[in-house]
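Throughout, residue positions are numbered sequentially from 1 according to the sequence presented.
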Amino acid sequence: MFQDFSDTANPDQGRLRIPLLREQLKTQGLDGFIMSRADEFGGENIAPYAERLEWLTGFTGSAGSAVILEKSAAIFVDGRYTLQVQDQVDTKLLTPVAILEKSVSQWLSGTLEGGETIGFDPWLYTQSAVDRFRKTCEEKGATLVVCETNPVDAIWTDHPIRPQNPIVPHPMELAGEPSEDKLGKIAKGFASKAHATFITQGDSIAWLFNIRGSDVACAPLPLAFAIVRADATAYLFTDLAKLPDETRAHLPTQVTIAPFEDLPAIIAALSGPDKSWMLDETIVPFAIKTMIEDAGSPIIKAADPCLKPKAIKNAAELEGMRKAHHRDGLAMCQFLHWLDTMAPTDTLDEIAATKALEEFRASTGCLKDISFDTIAGAGPNGAIVHYRVTEATNRKFDQNSLFLIDSGGQYPDGTTDITRTIAIGTPDAEMKDRFTRVLKGMIALTLARFPADTKGIQLDTLARQPLWEVGLDYAHGTGHGVGSYLCCHEGPQSISKRGGVALEEGNVLSNEPGYYKTGAWGIRIENLITVTKAETIAGGELPIHGFETLTLCPIDQRLIDVSLLDEREIGWLNDYHEQVFAELSAELPEDVRAWLAQATKPIHAA
């Protein structure tokens, strides 16, 4: 359950293992290999057996790709990891590339000389990715080929096995809808177009069958595949030893359980020229699509049919999220009180703070796991957006600095994700200015009202505007979807520069603008919010959505420059803090209650 602080990142890994990989590529008749931090199930959370990118390069980020050629190599990361990658890999062997500035295909186009044979693992890439790579290779006179054996696996002598943890039922009172009904709705949605659909992602499968697992860290997911047919019957593929009798009895009668080994034969039996398949070519592995095509079935491109309904939380799921956030808020208040008590002692460090927060969450008696590795950044480490503290990077708190802590818990009734930035000592004017601008953006998004069909990209600017006004910004999205005791990062909804999906009632998202001063400190404030029912405003003409805030935790007023806030913003903050105190104070110890009363005192215009 608790976070591992061992320093797994080691640039020496690349120096030792990339030459070994290049020798293996020669053995397989390859001049290069494209690899990604991915598993065959297409989720963000992957088990140790699939951490090939980390094993090869030392990079521990949650997303990334690499291309290894005979004479050059590059590693591709997004804006969260541009600083981290520099510290974790040997940049003489691997050139770090910002993926938004240059894609894998673009890098290949500028690097390939012609005549090369480039390999990829068909289980780790989708058709859409393969199409991009193939187009680039053809334009450069190179050849893209499927690797029957992943060359990294061929040199990884102590390769871990796939997890064998039990799959357990998720009870109806928390799921809010029977699996039979979900299967019926999913099948009805594609029955007029296709004979069957293939589902790979663990959170889609967990949601669809009302099951949960523990095969990956920080998310209650089973590693499994599923086929749903147009008549609402289904196949669930997994390691059979993972399904206890209770879970078998819990599954609907129309679900057939099968081992992974039966997958090719069952796909062949369900396929043919008159039996089309609906596939999400951005998720389903190229290997699966190839099996279906080889069996003669037409392919219809469409999104995973579980994505949208899973993201629209029903009444039971929303009530569970509220209870989880209430519980989590109690833990956060106890932690922040502890932090304020310890901060003047000059004994605090990032690992101690992380452990303390984990213990407060565990003391609720309901914590199943943390929802991601805690980001606990003191001083300059706070400027690393997805910083992960290790024994090697652990930093003591400096006085008159900032501490950023982004964390969450997995509870049976909900998933939490919260960020608070805390003043350690006395903040300076720049810290307060930047913090207040981030707060203004967070409040602006919280108070947004918007009609149906509004997309996340249309709201994203609200959170950035106070920073844009003084020439500042942040290199990450403002908000991601959050699952219901599922993945902390959930699509398709988001509030970001790429948020092209309309927000719907019941969506749960994060609201987390930030600002990062490299080498000095970082600031982020994050609450989770849910989209409310669209209602007509008095005198208005359109039903209008809004947001309900789920997170219950004070925001550090020591970092606020009140002169930058208007009356509406001050009113929201005071109302929010009044709610936090009203909902949490009675269940807190007396000393924490007194601290919370002080932390939530109303502020007034300067």
Side-chain angles (χ1 to χ4, degrees), residues 8-70 73-76 88-90 93-94 104 116-127 129-130 133 143-165 200-202 215-217 221-225 237-239 242 259-261 263-264 283-291:
T8 56
N10 181 4
D12 287 335
Q13 290 176 201
R15 298 183 197 118
L16 294 171
R17 293 168 180 170
I18 289 176
L20 290 176
L21 178 62
R22 284 181 167 137
E23 288 300 315
Q24 178 62 30
L25 295 181
K26 290 178 183 177
T27 300
Q28 295 189 18
L30 300 173
D31 300 299
F33 182 62
I34 305 171
M35 61 182 297
S36 176
R37 184 191 181 272
D39 64 10
E40 58 269 44
F41 304 98
E44 178 184 5
N45 302 79
I46 64 177
Y49 82 97
E51 290 280 13
R52 297 175 179 91
L53 187 64
E54 178 184 343
W55 181 85
L56 183 71
T57 69
F59 174 66
T60 64
S62 64
S65 300
V67 181
I68 311 298
L69 303 179
E70 184 178 356
I75 185 166
F76 302 81
Q88 291 190 328
V89 308
D90 183 345
L93 276 175
L94 282 162
V104 172
E116 297 97 338
T117 300
I118 307 299
F120 72 98
D121 186 331
W123 288 98
L124 306 184
Y125 279 103
T126 64
Q127 179 70 58
V130 172
F133 299 151
T143 303
L144 185 72
V145 300
V146 167
C147 293
E148 298 298 330
T149 299
N150 187 307
V152 174
D153 294 352
I155 62 171
W156 191 350
T157 54
D158 56 349
H159 194 182
I161 64 169
R162 195 158 52 202
Q164 299 294 306
N165 301 319
T200 74
Q201 289 191 316
D215 285 338
V216 298
L221 305 182
L223 296 183
F225 290 133
F237 297 89
T238 191
D239 296 313
K242 295 157 62 76
F260 287 119
E261 294 77 18
L263 186 59
I283 298 175
V284 173
F286 181 79
I288 294 294
K289 182 170 185 280
T290 301
M291 283 185 203

Which is it for Arg162 and Glu40 under the side-chain contact (heavy atoms from CB on, under 4.5 Å) test, yes or no, and what are the steps along the way? CA-CA 11 Å; Arg162 195 158 52 202; Glu40 58 269 44; 3.0 Å; yes

Determine whether [X] and [Y] make a side-chain contact, defined as any pair of heavy atoms from C-beta on separated by less than 4.5 Å.
| X | Y | value |
| --- | --- | --- |
| Leu56 | Trp156 | no |
| Leu94 | Ile68 | yes |
| Phe41 | Leu221 | no |
| Leu124 | Asn150 | yes |
| Val146 | Thr290 | no |
| Leu223 | Tyr49 | yes |
| His159 | Arg52 | yes |
| Glu51 | Ile46 | yes |

Contacts of [X] that satisfy salt bridge (charged side-chain N to carboxylate O under 4.0 Å, His left out) - sequence neighbours left out:
| X | result |
| --- | --- |
| Glu70 | none |
| Asp39 | none |
| Glu116 | none |

Closest approach of [X] to [Y] (non-hydrogen atoms, all atoms of both residues):
| X | Y | answer |
| --- | --- | --- |
| Ala73 | Leu93 | CB-O, 3.5 Å |
| Leu53 | Ser65 | CD2-N, 4.0 Å |
| Phe237 | Pro259 | CD2-O, 3.5 Å |
| Pro163 | Asp239 | O-OD2, 4.1 Å |

Spacing of [X] atom [atom1] and [Y] atom [atom2] [to the nearest 0.5 Å]:
| X | Y | atom1 | atom2 | result |
| --- | --- | --- | --- | --- |
| Thr57 | Ile18 | OG1 | CD1 | 7.0 Å |
| Leu21 | Leu30 | CG | CG | 9.5 Å |
| Asp31 | Thr143 | CG | OG1 | 9.5 Å |
| Trp123 | Cys147 | CH2 | SG | 14.5 Å |
| Ile155 | Leu20 | CD1 | CG | 5.0 Å |

Walk me through whether Val104 and Ile34 qualify under side-chain contact (heavy atoms from CB on, under 4.5 Å). CA-CA 9 Å; Val104 172; Ile34 305 171; 4.3 Å; yes

Would you find a donor on one side and an acceptor on the other, under 3.5 Å apart, between the side chain of Asp215 and the backbone of Pro222? no

Check whether Arg37 reaches the backbone of Ala66 with its side chain - one donor and one acceptor, N or O, closer than 3.5 Å. no

Taking the inter-plane angle between the rings of Phe260 and Phe225 on a 0 to 90° scale, is it parallel (under 30°), tilted (30 to 60°) or perpendicular (over 60°)? perpendicular

Indicate the ring-plane relationship of Phe286 and Phe120, choosing parallel, tilted or perpendicular according to the 30° and 60° boundaries. perpendicular

Name the residue from Gln24, Arg22, Met35 that meets the side-chain contact (heavy atoms from CB on, under 4.5 Å) definition with Pro151. Gln24

Quick one: do the Thr60 and Gln88 side chains pair a donor with an acceptor below 3.5 Å? yes

Decide yes or no on side-chain contact (heavy atoms from CB on, under 4.5 Å) for Phe133 and Ile118, but give the supporting numbers first. CA-CA 9 Å; Phe133 299 151; Ile118 307 299; over 6 Å; no

